[in-house]
Q: 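This is the structure I want to talk about, given as structure tokens.
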Amino acid sequence: MITEKLQTLNPMQKKAVLKTDGPILILAGAGSGKTRVLTHRIAYLIDALNVNAFNILALTFTNKAAKEMKQRVCEITQSGSDVWVSTFHSTCVRILRRDIQNLGYTNQFTIYDADDSEKLIKEILKTLQLDEKMFSPKSVMAEIGKQKDNLITPDVFLETADNFRLKKIAEIYKIYQSRLKANNSLDFDDLIFKTVELFSKNADILDKYQQRFKYIMVDEYQDTNTSQYKLIKLLSSKHKNICVVGDDDQSIYGWRGANIRNILDFEKDFKNAEVIKLEQNYRSTKVILNAANMVIKNNFGRKSKSLWTENIDGDKIICRCLDSDLEEAKFISEKINEKVKSNTANYGDFAVLYRNNALSRVIEERLVLSSIPYRLFGAQNFYSRKEIKDILAYLKVIYNPHDDIAIKRIINVPKRGIGDSSIEKVNAYAEKNSISFMEALSQANEISELKSRSKKLFSFYSLIKDLSELSEEISVSQLLNAVLDKTNYISEFAEESKSDISGRIDNIQELINKAVEYEQNNEDASLSGFLEEISLVADIDNLNNDENRVVLMTLHSSKGLEFDYVFMAGFEEGIFPSFRSILEGEPNIMEEERRLCYVGITRAKKQLYISYAKTRLQHGKYVYNTASRFLKEIPKDYLDLSENVSKTENISSPVKITKAENKFKPKKTYSGLKNNYAANIPSPKNIVLDFNIGDKVRQMKYGIGTVKKISPAGADYEVTVEFEKVGEKKVMAMLAKLKKL
DNA sequence: GCAAGCCCAGATAGT
DNA sequence: CTGGGCTTGC
């Protein structure tokens, strides 16, 4: 069975699978089949060596990778579902939920996202009377995060801090940690740090997990930071069966604490480690792979490795210099339509990759105009929308009444006449009596300073108390409905802003859908489980391969994925490499940008498109950029420049254009998804609507309605529909998928 | 306590 | 251009 399957592997892959005992580093180049090796390795352990699936741990960075690996393991071995495959963060949450009481938290802890953390930092800055200009919450957070990634406690940090600023940040860090603890909450970095702390302080607990995890596998090892490294080291130190897979050339998370030394020094860290290199690429054409190799060659301090492929040469990389960001977007959409209309590709075969999220907007707008279905990842995360954060804050408070950040978020949302001064008074009372904010609320009547306002505060307390009691009996989705119902959340905000309310209602509905979905997928569904999933699931985890839509994402998000046709947009100095990386002047920083470029190029299987614009709108101004230095690192032989009208690729140094000059620059011809579609847009040709004015139609979110008006807009039609539930709305026929009844 | 309005600063990347 | 913070006038 499994031995037959091993025959499909190449010699190096097979060697990696068969070497099951002791430390092993698999240096897996892009597209060399590392997931295949990992999954076969797991299957081999189970089916050939009779290892209990329960004794295997596989760690990944994203839920998507975990999900995919689990699925593929299940395909090749029956007991695959018993293997513990999950991300570092979820693994740690699982461990902490069981044993965190040893560190003085309760297992009802909540998880803070970056937003929550920043709010807490801001509060602390206020109490310390520090200027937010000197200590911007973001930079403070970044500094604290850096310490946490390196397992440095506030006290140790204070000792090493050698200037005023760092000393102050150490002080903030200390208070931050104590506040987190008082709130019974952990931030992202804590999830790893606290698990390491738990293991370090409790030999018996560590022993329990060491016993269990006889075989450990780590994906994307080049992205591990010091705390993750320590975690792996601790867990594997008993059985020493540790298999890490990674590619130093794809290390692109240095800014998140990833320590490239982890992979470069693996053989020193783990005695008797074997190193296996997977150098045959099965993904890309020769042209693409060679171009990638030529770029990455410019980095120093790499593990020696040379990727090759037996694939065909393939077409040259189409490289295009456009006049503006709008032209670039047009170029991309035209190329996509060309291929799709000639039936050589589907929308789902394309990805558009860019260095930062801001670049997606122009492209997105153009895709809408061209009626190209797409899916945008990253950007404004669904869970970071106001209304979603509000509702989730209710759930968090219900689950963990010590979560002051969540309480303060919702205590006056919807408006209940509770302002800052009341909150301050409750705060003072809580501190004086050393009780939590929520406990203080329960005693609101005793706080004389509140006078008549105490009623409002107490009724908020009762509201939460009622909901908490309810939460014991009902499901998460029912609880969500109860929250909406008891707070009048929707009707309250319906009054304040009439403009974008339907979008917000949609979002809330979507949240309820997600809760229902969660309940269906998990037998042991619980409030904590739902909150966890939401905190730890990234946007990209929902990438669905069979959606048949063009995918738009950052270069970072694209790691681990592959597409037939890849566009790398915004290939400009100041964009990619980023302005900041140029400014830093640090070779290490620039090398990471180059690795990012390598990652991008190697996502493409058949054809790569590189584009850059002479000018683009940034911060409301037109900016001139020159072609990216990385473009010059790709030999001309690999580039197809024939489509460029003018050969003026290299423009003089970046020039900032002032407002006054702006009116002479290219003008936007269309702006945004909602309004003024300009005249030079093709009229609809390819779509025939099967409904007319007066017909009843159905739309997924809005339900049933009557068509009021139909007008051409770009290559689609804008349809005005009077919906029974949500009233009149304007939607695009194709995008909204209107169905005639 | 709250809404409106002004002003200023600000933009890598994401578990 | 956008969002957050702060001021102001109810």
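All of these numbers come straight from a predicted model, not from anything done at the bench. Every chain is numbered from 1 and lettered A, B, ... according to where its sequence line falls, protein lines coming before strand lines.
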Q: Taking only Lys NZ, Arg NE, NH1 and NH2, and the carboxylate oxygens of Asp or Glu, determine whether A:E328 and A:R366 approach each other closer than 4.0 Å.
A: no

Q: Would you indicate which nucleotide in B:dA13, B:dC2, B:dT15 comes nearest to any side-chain atom of A:F188?
A: B:dT15

Q: Let me know the distance between CE of A:M141 and P of B:dG14, rounded to the nearest Å.
A: 17 Å

Q: Distance check: side-chain N/O of A:R453 vs OP1/OP2 of B:dG1, anything under 4.0 Å?
A: yes

Q: Quick one: which of B:dT12, B:dG14, B:dA11 gets closest to the side chain of A:S557?
A: B:dG14

Q: Just the rounded figure in Å: distance from P of C:dG5 to CG of A:D420.
A: 12 Å

Q: With the side chain of A:R361 defined as its heavy atoms from C-beta on, choose the nearest nucleotide among B:dA11, C:dT2, B:dT12.
A: C:dT2

Q: Before accepting this row, confirm whether a basic side-chain N of the pair A:E573/A:R629 lies closer than 4.0 Å to the acidic partner's carboxylate O.
A: yes

Q: What integer distance in Å separates A:R595:CZ from B:dA13:C1'?
A: 13 Å

Q: State whether the aromatic ring of A:Y253 stacks on the base of B:dG14, taking stacking to mean ring centres under 5.5 Å apart and ring planes under 30° to each other.
A: no

Q: OP1 or OP2 of B:dA13 versus the side-chain N and O atoms of A:S578: is any pair under 4.0 Å?
A: no

Q: From the list B:dC2, C:dG4, B:dG14, which nucleotide is the closest neighbour of the side chain of A:N357?
A: B:dG14

Q: Out of C:dT2, B:dG14, B:dT12, which has the shortest distance to the side chain of A:W255?
A: B:dG14

Q: Given the P atoms of B:dA11 and C:dC6, what is the spacing between them in whole Å?
A: 16 Å

Q: For A:F88 and for A:G417, find the nucleotide of DNA chain B with the closest heavy atom, then tell me which residue's nucleotide is more 5'.
A: A:G417

Q: Measure the distance from CD on A:E132 to P on B:dC7 and round it to the nearest whole Å.
A: 21 Å

Q: By the 4.0 Å heavy-atom rule, please label A:N412 as base, sugar-phosphate, or nothing.
A: sugar-phosphate

Q: CD of A:E220 versus P of B:dG14: gap in Å, rounded?
A: 15 Å

Q: Tell me the interatomic distance from A:M568, atom CE, to B:dA13, atom P, rounded to whole angstroms.
A: 16 Å

Q: Could you state the atom-to-atom distance from CD1 of A:I589 to C1' of B:dA13 in whole Å?
A: 12 Å

Q: Is the base of B:dG14 stacked against the aromatic ring of A:H556, taking ring centres under 5.5 Å apart and planes under 30° as the test?
A: no

Q: Which of the following nucleotides, B:dA3, B:dG14, C:dG4, is nearest to the side chain of A:K415?
A: B:dA3

Q: Looking at B:dT12, B:dG1, B:dG14, which one has an atom nearest to any side-chain atom of A:S422?
A: B:dG1

Q: Got a salt bridge between A:K559 and A:D223, using NZ or NE/NH1/NH2 to carboxylate O under 4.0 Å?
A: yes

Q: Between A:Y253 and A:H556, is the gap from one ring center to the other below 6.0 Å?
A: yes

Q: Using the side chain to side chain donor-acceptor pair (under 3.5 Å) rule, pick out the option among A:R504, A:R409, A:R385 that qualifies with A:D390.
A: A:R409

Q: Between atom CD1 in A:I582 and atom P in B:dT12, what is the gap in whole Å?
A: 13 Å

Q: Base, sugar-phosphate, or nothing: which does A:S535 touch, judged by heavy atoms less than 4.0 Å apart?
A: nothing

Q: Taking the nucleotide of DNA chain B with the closest heavy atom to each, which residue, A:Q618 or A:G419, is nearer the 5' end?
A: A:G419

Q: Let's see if you can work this out: which of B:dT12, C:dG4, B:dT15 has an atom nearest to the side-chain heavy atoms of A:K122?
A: C:dG4

Q: Using a cut-off of less than 4.0 Å, is there contact between a side-chain N or O of A:T554 and OP1 or OP2 of B:dG14?
A: yes

Q: Considering only NZ, NE, NH1 and NH2 on the basic side and carboxylate oxygens on the acidic side, decide whether A:E123 and A:K126 come within less than 4.0 Å.
A: no

